[in-house]
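In this text, all values refer to a predicted model and were calculated from it rather than measured experimentally. Order of the sequence lines fixes the chain letters, A, B, ..., with proteins taken first and strands second; residue numbering starts at 1 for each chain.
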There are 2 protein chains.
Amino acid sequence: MISLQQLEKEAKPIQTYYKSATYSKQEVSYPERDIPTDATFHYKELAAKKHSEAERRRRLRINGQYATLRTILPNLVKTDKASVLEETIKNVRELQKTVKELKTVGRDRHKCEFPNEVNELNLSYSNGDGGLVKATLSCEDKPGLLSDIGRALRSVKAKVLKVEMATVGGRIKCELLIQGFKGNEGMVMLKRALKIVIDKPSLPGNYGKKICFYK
Amino acid sequence: MISLQQLEKEAKPIQTYYKSATYSKQEVSYPERDIPTDATFHYKELAAKKHSEAERRRRLRINGQYATLRTILPNLVKTDKASVLEETIKNVRELQKTVKELKTVGRDRHKCEFPNEVNELNLSYSNGDGGLVKATLSCEDKPGLLSDIGRALRSVKAKVLKVEMATVGGRIKCELLIQGFKGNEGMVMLKRALKIVIDKPSLPGNYGKKICFYK
DNA sequence: AATGACACGTGACAC
DNA sequence: TGTGTCACGTGTCAT
């Protein structure tokens with residue numbers, strides 16, 4: 001059922017939108033000292049008309065924004081103004097949180113998975129009973145790297161339990177889970193050996209042949 | 001400079017908030033058939049009071065939401081209602097777009113970088129003049145894999161220009177940029193050889209020693 | 001002076 | 001029935 005107000009709003013032009021009775025009411029609330037002439041009356045009538053029309057434009061603008069919000073909000077059940085605003089606030093907060101999380105995840109993944117741009121070497125005891133050591137290294141991808149790492153591990157009698165590696169843009173990142181050497185001295189030796197490996201300069205002109213597939 | 005309206009709103013209790021003149025005005029606009037008794041007058045007065053107070057609460061609620069929006073919106077210069085709504089709409093749209101993009105990026109990265117869960121082999125001509133071929137393969141990470149791939153490449157006299165690889169959770173993904181063999185027959189042979197390599201079952205009990213560091 | 005923003009009370013309508 | 005929502009015109013303040 002369409003309301004009378006809606007009919008007026010949609011069908012009638014602006015000129016016929018204001019009832020003349022309105023302006024007489026205005027005269028009552030203006031306690032005038034002088035008797036109002038026709039000129040002042042018409043001026044005030046005109047001013048009031050301008051005023052109400054301006055206010056109407058303002059309402060129209062705001063209500064347009066509400067309409068837009070109603071269209072872009074997901075899961076909007078109640079469509080009254082307060083509910084629209086409430087849902088908007090919830091939505092904005094949720095979106096801001098989501099964006100923040102996604103960006104954080106992106107950063108973390110970048111930090112955790114990607115080979116670092118600077119050489120990096122990190123050894124740490126993995127909290128377990130078997131005295132496992134986790135080694136993280138990041139360096140330039142160069143020929144003989146795997147062999148060099150293997151030699152370094154052999155030099156401390158270390159056994160590799162697990163390897164995760166990634167190569168991107170000529171940089172390599174490697175995570176090793178190591179077992180076999182005892183005490184701190186082995187750790188220090190391994191660290192020294194690996195440090196030498198990752199800092200060893202590669203020969204120039206070998207890009208694209210850095211990993212040797214031919215044994 | 002604080003306005004009179006603001007002073008009233010903040011300092012005065014609700015009871016003194018309504019001017020008695022309001023209700024006489026209301027009587028004028030109610031064209032009554034019967035002479036209003038004191039009872040009906042007071043009833044209407046009370047009803048009008050309840051009404052205006054309810055409306056006031058509604059306004060209060062809505063304005064509260066505006067205040068909240070003003071606090072959570074970044075880069076808000078104009079703080080009037082229309083501007084708040086406008087900025088809100090822009091913000092919601094931007095956030096929705098950002099979330100969509102971030103999620104897409106996440107999916108794409110996952111699809112493009114991570115080793116696939118099922119074995120995969122794809123050969124395609126890279127659009128260049130040198131007849132380059134891009135090979136993408138994904139399979140279980142197993143001992144001798146690099147040697148096997150190397151043998152397969154050697155069998156078609158292919159030269160490796162560039163390698164990108166990633167190992168995650170026992171699966172390996174490898175992108176090779178290859179040059180050297182001529183025509184379709186080499187391509188078919190390489191594909192067949194690589195297919196055998198990636199589908200070759202690994203020996204059991206070798207997890208953690210899949211990449212041989214000891215030559 | 002003129003324009004814009006706001007709160008208010010009010011009549012109308014919906015459930 | 002009343003209870004809540006809306007559009008409207010108006011008074012007021014600020015620019």
Let me know the distance between [atom1] of [X] and [atom2] of [N], rounded to the nearest Å.
| X | N | atom1 | atom2 | answer |
| --- | --- | --- | --- | --- |
| B/Arg57 | C/dC8 | CZ | C1' | 15 Å |
| A/Lys49 | C/dA2 | NZ | P | 18 Å |
| A/Lys81 | C/dC6 | NZ | P | 13 Å |
| B/Leu60 | C/dC8 | CG | P | 8 Å |
| A/Tyr66 | D/dT5 | OH | P | 12 Å |
| A/Glu45 | D/dG9 | CD | P | 13 Å |
| A/Arg70 | D/dC6 | CZ | P | 7 Å |
| B/Glu53 | C/dT10 | CD | C1' | 15 Å |

Taking 4.0 Å as the cut-off, does a side-chain nitrogen or oxygen of [X] come that near to OP1 or OP2 on [N]?
| X | N | value |
| --- | --- | --- |
| B/Arg58 | D/dC6 | yes |
| B/Arg59 | C/dC8 | yes |
| A/Asn63 | D/dA7 | yes |

### Task
Report the residues that fulfil salt bridge (Lys or Arg N to Asp or Glu O under 4.0 Å) with B/Glu94, sequence neighbours left out, ordered by chain and then residue number.
none
### Query
Testing B/Asn91, B/Thr88, B/Ile89 for side chain to side chain contact (heavy atoms under 4.5 Å, CB included) with A/Thr88, which one passes?
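So, applying the side chain to side chain contact (heavy atoms under 4.5 Å, CB included) to A/Thr88 and each of B/Asn91, B/Thr88, B/Ile89, only B/Thr88 qualifies.
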### Option among B/Thr136, B/Leu190, B/Val133, B/Ile149 that satisfies the side chain to side chain contact (heavy atoms under 4.5 Å, CB included) test with B/Leu176
B/Ile149
### Message
Between the base of C/dC6 and the side chain of A/Glu55, is there a donor and acceptor pair under 3.5 angstrom?
### Response
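Result: at least one qualifying N/O pair found.
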### Query
Can a donor-acceptor pair under 3.5 Å be found between the side-chain atoms of A/His51 and the base atoms of D/dG11?
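Donor-acceptor pair under 3.5 Å: yes.
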### Message
Please evaluate residues B/Asp80 and B/Ser83 with respect to the criterion side chain to side chain donor-acceptor pair (under 3.5 Å), reporting the C-alpha separation (whole Å), side-chain torsions for both, the decisive distance (0.1 Å), and the verdict.
### Response
CA-CA 5 Å; B/Asp80 69 276; B/Ser83 304; 2.6 Å; yes
### Message
Of the listed nucleotides (C/dC6, C/dT10, D/dC6), which one gets closest to any side-chain atom of B/Asp80?
### Response
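My answer, after comparing the listed nucleotides, is C/dC6.
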### Summary
The nucleotide from C/dG9, D/dA7, D/dT5 with an atom nearest the side chain of B/Ser52 is C/dG9
### Message
Regarding A/Lys50, tell me which of base, sugar-phosphate or nothing describes its non-hydrogen contacts under 4.0 Å with the strands shown.
### Response
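No contact.
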#### Entry: Sugar-phosphate only, base, or nothing, as touched by B/Arg61 at under 4.0 Å among non-hydrogen atoms
sugar-phosphate
### Message
Looking at A/Asn122 and A/Ala135, would you say the former's side chain and the latter's main chain have a donor-acceptor pair under 3.5 Å?
### Response
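No.
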